[in-house]
Amino acid sequence: YKLIVDLTGKVIKEKSVESTSEFETVHIDTKVAPTSINTTTAFPLTVREIVRMAEMARNTLNVAVNAFLDVDESKEEEIKHSEEYVDYLNRAINEYVITLNTLPIPEHDAKMLGPVFHVLADIERISDHSLQIFNKVETCKKKGYTFSDEYRKSIQELLREIQLSLRKNWSSTKLSA
């Protein structure tokens, strides 16, 4: 399956995320008519978009935790923008998967559509939690909190374990390409 997704990415030129200031999907075209969707590549490309969304949420969690530990309010715009982008991708991919569910896609792919909704919800939740973690920075700053090196190391180790677990779970899921 991974080979199909990789090959699809090489055959179909990917749009650059940096090419626009608006939110957009990179691997799936959510504006195309359902009858124009290539049913052979639709699900593998959807998986690539989900992986992209997951990486965005994972990176946002990392930035939020580090901003919290550093009591650094300067990351607010970056974190909020990323959280809004993940929300957008969640909606766009959900709508696309609903469309795929009405098409004659390969049987193996059709069986995978149900779990997609759970994976998307989990990824979106990680993004939401990242924003909630960051929102505690203001309280820490107002109260003059600082964190000991020991506490920082413990939290960084916890973050590494979470990141490892996310990568492991996402790579072992049946959605993994």
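No hydrogens, no waters, no symmetry mates; every other heavy atom, side chains included, goes into these values. Treat the numbers as computed from the prediction; the structure is a model and nothing was measured.
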Hey, are the side chains of [X] and [Y] touching, using non-hydrogen atoms and a 4.5 Å cut-off?
X: K75; Y: D72; answer: yes
X: N90; Y: I123; answer: no
X: I50; Y: H27; answer: no
X: I133; Y: V65; answer: yes

Subject >> Criterion side-chain contact (heavy atoms from CB on, under 4.5 Å) on E49 and V26, from CA distance to verdict >> reply: CA-CA 7 Å; E49 198 69 52; V26 172; 4.1 Å; yes
Check whether [X] reaches the backbone of [Y] with its side chain - one donor and one acceptor, N or O, closer than 3.5 Å.
X: N38; Y: T40; value: yes
X: N66; Y: N62; value: yes
X: S165; Y: E161; value: no
X: S154; Y: E150; value: yes
X: T99; Y: E95; value: yes

Subject >> Residues, nucleotides or ligands: over 12 heavy atoms within 6.0 Å of E138 CD >> reply: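 Counting neighbours around CD of E138, 12 or fewer heavy atoms of other residues, nucleotides or ligands fall under 6.0 Å, so no.
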Original post:
Which of these, E84, E76, E83, E77, sits in a side-chain hydrogen bond (donor to acceptor under 3.5 Å, both in side chains) with K80?
Top reply: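 So, applying the side-chain hydrogen bond (donor to acceptor under 3.5 Å, both in side chains) to K80 and each of E84, E76, E83, E77, only E76 qualifies.
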Original post:
Same cluster or not: are V116 and L103 linked, directly or through other Ile, Leu, Val, Met, Phe, Trp or Tyr residues, by side-chain heavy atoms under 4.5 angstrom apart?
Top reply: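 Linked within one cluster.
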Inter-residue atom distance [X].[atom1] - [Y].[atom2], 0.5 Å rounding:
X: Q163; Y: Q156; atom1: CD; atom2: CD; result: 10.0 Å
X: K141; Y: T146; atom1: NZ; atom2: OG1; result: 12.5 Å
X: I162; Y: I155; atom1: CD1; atom2: CD1; result: 8.5 Å
X: T102; Y: L100; atom1: OG1; atom2: CG; result: 7.5 Å
X: Y96; Y: N101; atom1: OH; atom2: CG; result: 13.0 Å
X: S127; Y: M56; atom1: OG; atom2: CE; result: 9.0 Å

Subject >> Evaluation steps, side-chain contact (heavy atoms from CB on, under 4.5 Å), between I105 and I37 >> reply: CA-CA 10 Å; I105 63 173; I37 294 174; over 6 Å; no
**OP:** Please report the C-alpha distance between I28 and F43 in whole Å, then the side-chain angles of each, then the deciding distance to 0.1 Å, and finally whether the side-chain contact (heavy atoms from CB on, under 4.5 Å) criterion is met.
**Re:** CA-CA 9 Å; I28 58 175; F43 188 74; over 6 Å; no
Does [X] come within less than 4.0 Å of [Y], counting only side-chain N to carboxylate O?
X: R152; Y: D70; result: yes
X: E55; Y: R52; result: no
X: R125; Y: D128; result: no

Taking all non-hydrogen atoms of both residues into account, name the closest pair between [X] and [Y] and its distance.
X: V71; Y: Y145; value: CG2-O, 3.6 Å
X: A64; Y: I79; value: CA-CD1, 3.6 Å
X: F134; Y: E73; value: CZ-O, 3.7 Å
X: T25; Y: A92; value: CG2-CB, 3.9 Å

Subject >> Worked verdict on E157 versus K153 for salt bridge (charged side-chain N to carboxylate O under 4.0 Å, His left out) >> reply: CA-CA 6 Å; E157 181 58 34; K153 286 179 186 174; over 6 Å; no
**OP:** Please check if any side-chain donor atom of H129 sits under 3.5 Å from a side-chain acceptor atom of Q132, or the reverse.
**Re:**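 The criterion, which ignores hydrogens and geometry beyond distance, is satisfied for Q132 and H129.
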Original post:
How about S82 and T60: does a side-chain donor come under 3.5 Å of a side-chain acceptor?
Top reply: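 There is such a pair between these side chains.
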Original post:
Which residue, V51, I93, T41, forms the side chain to side chain contact (heavy atoms under 4.5 Å, CB included) with T46?
Top reply: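 Exactly one option meets the side chain to side chain contact (heavy atoms under 4.5 Å, CB included) with T46, and it is I93.
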**OP:** Show your working on side-chain contact (heavy atoms from CB on, under 4.5 Å) between F23 and D87 and close with a plain yes or no.
**Re:** CA-CA 10 Å; F23 300 143; D87 285 349; over 6 Å; no
Original post:
Y85 vs Y88 aromatic rings, parallel, tilted or perpendicular, using cut-offs 30° and 60°?
Top reply: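 Rings of Y85 and Y88: perpendicular, over 60°.
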